[in-house]
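What follows is a short report on a single structure.
The figures here come from the full heavy-atom set of this structure, side chains too, leaving out hydrogens, waters and symmetry mates.
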Amino acid sequence: MNHHPRPIVQIYGIRSVKTARAVVDMGVKHIGVSYGKIHRTPGQLTCEQAKDIFENVQPHAVRVGLTVTSDLDEIRENLAIAMPDVLHLSGDIDEISPEEILSFKSEYPGLKILQPIPVLPNVPLGEQPVIDYVKRYEKAVDFFLTDTKAPGTTDIGATGIVHDFAIDKAIVETSNIPVIIAGGLTAENLQEAISIAQPYGVDSFSWTNYQDERANTLDCKDLDRVRAFVEAARHE
Ligand SMILES: O=C(O)c1ccccc1NCC(=O)[C@H](O)[C@H](O)COP(=O)(O)O
């Protein structure tokens with residue numbers, strides 16, 4: 001499903017209402033919030049912090065909530081406190097089947113699912129199962145995210161590592177649902193990625209954060225970097 005030339009922008013690492021409101025004012029459409037009752041990743045918010053952001057960001061923003069757990073009961077507990085518009089399943093893709101996602105979704109009318117497709121850097125398209133994942137999961141989810149999976153890890157994303165944009169292009173061309181691309185994207189490499197892949201959306205976490213100790217705080221987003229990223233996504 002090709003989309004060009006003005007993809008929507010999704011920004012991860014939203015950890016306060018103030019940052020959420022600032023990036024939406026810049027033109028960011030999807031705000032990404034990692035949260036949960038059980039602390040599983042650095043920078044993860046509590047459910048109460050996520051709820052505050054979801055309730056106080058501008059109403060036209062799309063609120064994306066990320067979990068790395070594959071325990072559906074744990075996800076249910078998180079959703080009971082803080083309900084996003086889109087649930088981002090960033091754990092091991094093989095631990096929740098498309099059938100389980102369909103059944104889970106039926107409990108939450110209106111909730112959309114974003115499924116990352118794990119892309120290994122420096123591995124040719126024919127030697128990784130990304131297209132198989134697209135064909136299996138597209139009936140069950142609403143968005144794909146082509147995201148870099150660091151070798152040796154189970155969860156997907158937040159690596160800052162770029163992968164071959166030709167793999168993004170192959171996924172976009174195969175998929176019948178919108179595809180957001182991620183993995184090491186910056187204001188500098190974004191136009192190349194967009195012109196090759198022609199995605200529905202583009203995503204950033206690592207390289208729109210401050211590149212110093214502030215990256216580990218609630219105030220991790222460098223708003224100048226976010227603005228440059230949004231402008232690069234708009235450029236035709
Ligand atoms: O946001 C998190 O804390 C997080 C933790 C573990 C996996 C993914 C996480 N967030 C998702 C994202 O950051 C983006 O969807 C994407 O992975 C960004 O990639 P990059 O710009 O290369 O960091």
Review point. Is the shortest distance from a Lys or Arg side-chain nitrogen in Glu99 or Lys139 to a carboxylate oxygen in the other one below 4.0 Å?
Key: yes

**Study point:** Asp155 and Arg40 ion-paired at < 4.0 Å
**Key:** no

Study note, to complete from the structure: So CZ of Arg225 and CG of Leu223: to nearest 0.5 Å the spacing works out to 12.0 Å

Review point. Quick one: CZ on Arg6 to CD1 on Ile194, what's the gap to the nearest 0.5 Å?
Key: 10.5 Å

Review point. So does Asp132 pair up with Lys135, basic N to acidic O under 4.0 Å?
Key: no

Exercise for review: Treat each ILVMFWY residue as a node, draw an edge where side-chain heavy atoms are under 4.5 Å apart, and state whether Ile177 and Tyr133 are in one component.
Suggested key: yes

Study note, to complete from the structure: Taken in chain and number order and not counting sequence neighbours, the residues that satisfy side chain to side chain donor-acceptor pair (under 3.5 Å) with Tyr35 are none

Practice item. Search all heavy atoms of His163 against all heavy atoms of Asp147 and return the closest pair with its distance. Key: CE1-C, 4.1 Å

Check your understanding: Quick one: CD on Glu74 to OG1 on Thr67, what's the gap to the nearest 0.5 Å?
Key -> 6.0 Å

**Study point:** Considering all heavy atoms, the nearest Arg15-Thr217 contact
**Key:** NH1-O, 2.8 Å

Point to revise | Smallest separation among heavy atoms of Ile8 and Lys29, with atom names | key: CB-CB, 4.1 Å

Practice item. Could you go through the side chain to side chain contact (heavy atoms under 4.5 Å, CB included) check for Asp219 and Arg214 one step at a time? Key: CA-CA 7 Å; Asp219 189 22; Arg214 286 173 291 179; 5.6 Å; no

Revision key, fill the gap. Distance col, row Ile196:CD1 vs Gln191:CD, nearest 0.5 angstrom, shows 11.0 Å

Point to revise | Results of side chain to side chain donor-acceptor pair (under 3.5 Å) for Ser70 - residues two or more places apart only | key: Glu95

Revision key, fill the gap. Shortest non-hydrogen pair, Ile81 vs Lys51, comes out as O-CD, 3.4 Å

Study note, to complete from the structure: Smallest heavy-atom separation, Cys220 atom then Ala215 atom, equals CB-O, 3.4 Å

Practice item. Taking all heavy atoms of Val172 and all of Pro199, pick out the closest pair and write down the distance. Key: CG2-CA, 4.1 Å

Review point. Can you get from Val57 to Leu79 by hopping between Ile, Leu, Val, Met, Phe, Trp and Tyr side chains that sit under 4.5 Å apart?
Key: yes

Check your understanding: In Å and rounded to the nearest 0.5 Å, what is the OH to CG distance from Tyr210 to Asn216?
Key -> 13.5 Å

Point to revise | Crowding at CG, Asn122 (>12 non-hydrogen neighbours, <6.0 Å) | key: no

**Study point:** NZ/Lys105: more than 12 non-hydrogen atoms of other groups inside 6.0 Å
**Key:** yes

**Study point:** Side-chain heavy atoms of Phe143 within contact of Val64, under 4.5 Å
**Key:** no

Check your understanding: Are the charged groups of Glu173 and Lys169 less than 4.0 angstrom apart, N to O?
Key -> yes

Point to revise | ILVMFWY cluster, Ile11 and Ile161 together (side-chain gap under 4.5 Å) | key: no

Exercise for review: Quick one: pull up CE in Met83 and OH in Tyr108 and give me the separation to the nearest 0.5 Å.
Suggested key: 6.0 Å

